[in-house]
S.K.: 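Pasting a structure here, questions to come.
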Protein chains: 2
Amino acid sequence: MSHSVYGRLMAVDREQILRSAAALLTRKSTATMDEVAKAAGISRATLHRQFAGRDALIKALEALGLTQLEAALDAARLDEGEATGAVRRLVAEVEPVAGFLAFLVTENQLFEAEAMNEGWNRIDDRISALFRRGQESGEFRIDLSPAWLTEALYGLVGSGAWAVQDGRVAAKDFQFMIVELLLGGVRRSA
Amino acid sequence: MSHSVYGRLMAVDREQILRSAAALLTRKSTATMDEVAKAAGISRATLHRQFAGRDALIKALEALGLTQLEAALDAARLDEGEATGAVRRLVAEVEPVAGFLAFLVTENQLFEAEAMNEGWNRIDDRISALFRRGQESGEFRIDLSPAWLTEALYGLVGSGAWAVQDGRVAAKDFQFMIVELLLGGVRRSA
DNA sequence: ACCGAATGAGACATCTTTGTCTCACCAGAA
DNA sequence: TTCTGGTGAGACAAAGATGTCTCATTCGGT
């Protein structure tokens, strides 16, 4: 029997397809199934065999993105140690899934489904809680709401991912740029 | 003759259409011409009379967005006074066109045209120059590149516009949130 | 070498969107 | 009132995307 082998190979393929699809759809959200297939290096037929249709593809994209984001939050151990360190770990862990995050943030058409809104809210809450913890511990300023800081983090990560993908900044600077700007801002510390 | 009257009314209508189109397409970039028309409160026929087709609509959207952004940069007088103050003025002036900016940033499909890339580069350069000026004057830290700061500003403005439009934060806080986070970061100044 | 599963290429009908057109209607100016 | 330019509603063909199917080919395991 080779079930496990095939299963693993297919899983890898699916994830690879979803990654390239996320990258493409982030740049051109009107991309055709044919374009998605070509971007993944497969035929449209195979794409359709893996994902029943466009809706299924989008749903899978959303599901995998949310799953990976949750995993990143877990790995970052947001409630351990100082909030500052947790933010650094968060950005570091989020980096590999930044493409997915950018896609999920911009693709609000999905949110009409109400269903996965829940998964998104869970992530929002966890990140908000981190910022709130930092405020209560005195590390973070209190005149910026956790909700806004969460949104801002999404925006910065998205900008960072796009800038890297577009070659405007080096990938190795991703984490540093985002963390430093988010934590310290652009003004020179006196 | 009523040329001027009709001309003015049509101009107002066109801009109103473009504004609602930008708002809609930012959320759902696959929106139909029919949906765009409904969102603008007009019929699809009238929409087609104003804009020859979808491409023309997108181009007009891009043209107006860039024009308004340039106007905002002019009004902000980026090269006057301290860089910090210029950043504050910039965010304040950009606020009314934040919806357009969010649309332009996410809609990279246009950038295949190479043509208006020039207009976008001009804006990039002006904002980058502001950050560089702040670094040279000693106001801003020098370990974050002007290119990244420019991208980050786009991301923050986009996030802010989306958060306001979505009711997650109050519109009156828009400017404060963005400027404060961009300038000072989340860490409490010691 | 053989076999089976998966793939790529392409044909095909169907559905959606687009772009154009016509016609009835309404509001403002003469 | 009468005329006129703009609009909304709807019909229509054309173009594009989608989803399904078939068949030849290729790749991996036996």
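Keep in mind it's a predicted model, so treat the numbers as computed, not measured. Protein chains get the first letters and strands the later ones, always in sequence-line order, with residue 1 at the start of each.
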S.K.: Identify which nucleotide among D:dG8, D:dT7, D:dT20 has an atom closest to any side-chain atom of B:Asp13, counting heavy atoms from C-beta outward.
M.R.: D:dT7
S.K.: Go through C:dA11, D:dT22, D:dG8 for me and flag the one nearest to the A:Arg44 side chain.
M.R.: C:dA11
S.K.: Between D:dT7, C:dG8, D:dT18, spot the one nearest the side chain of A:Met33, thanks.
M.R.: D:dT18
S.K.: Specify the separation, in whole Å, of atom CD1 of A:Ile58 and atom P of D:dG19.
M.R.: 11 Å
S.K.: Please tell me which of the listed nucleotides, D:dC21, C:dG19, D:dA9, lies nearest to the side chain of B:Arg54?
M.R.: C:dG19
S.K.: Both B:Gly53 and A:Ile42 contact DNA chain C. Which one's nearest nucleotide lies toward the 5' end?
M.R.: A:Ile42
S.K.: Please evaluate residues A:Phe100 and A:Leu69 with respect to the criterion side chain to side chain contact (heavy atoms under 4.5 Å, CB included), reporting the C-alpha separation (whole Å), side-chain torsions for both, the decisive distance (0.1 Å), and the verdict.
M.R.: CA-CA 8 Å; A:Phe100 271 110; A:Leu69 254 181; over 6 Å; no
S.K.: Could you give the CZ-to-P distance, from A:Arg14 to C:dT7, as a whole number of Å?
M.R.: 12 Å
S.K.: Within less than 4.0 Å of OP1 or OP2 of C:dT17, is there a side-chain N or O belonging to B:Thr32?
M.R.: yes
S.K.: Would you kindly give the CG-to-P distance between A:Leu57 and D:dA17, to the nearest whole Å?
M.R.: 16 Å
S.K.: Take the protein atom CD1 of B:Ile17 and the nucleotide atom C1' of D:dG8, then report the distance between them rounded to whole Å.
M.R.: 14 Å
S.K.: Please determine whether a side-chain nitrogen of the Lys or Arg among B:Asp34 and B:Lys38 lies less than 4.0 Å from a carboxylate oxygen of the Asp or Glu.
M.R.: yes
S.K.: In whole angstroms, how far is the C1' atom of C:dA11 from the CG atom of A:Asp34?
M.R.: 14 Å
S.K.: Picking from A:Val157, A:Leu156, A:Leu90, what satisfies side chain to side chain contact (heavy atoms under 4.5 Å, CB included) with A:Leu182?
M.R.: A:Leu156
S.K.: Classify the side-chain pair A:Glu139/A:Thr84 by whether it contains a donor and acceptor separated by less than 3.5 Å.
M.R.: yes
S.K.: How many Å lie between CG on B:Leu47 and C1' on C:dT17, as a whole number?
M.R.: 13 Å
S.K.: Reckon B:Thr46 has a side-chain N or O less than 4.0 Å from the OP1 or OP2 of D:dG8?
M.R.: yes
S.K.: How close or far is atom C1' of D:dA17 from atom CZ of A:Phe51, stated in whole angstroms?
M.R.: 19 Å
S.K.: Round to the nearest Å and state the distance from B:His48 atom NE2 to C:dG19 atom C1'.
M.R.: 5 Å
S.K.: What do you reckon, is CZ of B:Arg77 surrounded by more than 12 foreign heavy atoms closer than 6.0 Å?
M.R.: yes
S.K.: I want to verify a distance call: between C:dG10, C:dT7, C:dG19, whose nearest atom is closest to the A:Ala45 side chain?
M.R.: C:dG10
S.K.: Decide yes or no, distance alone: a donor-acceptor N/O pair under 3.5 angstrom between the base of D:dG8 and the side-chain of B:Arg49.
M.R.: yes
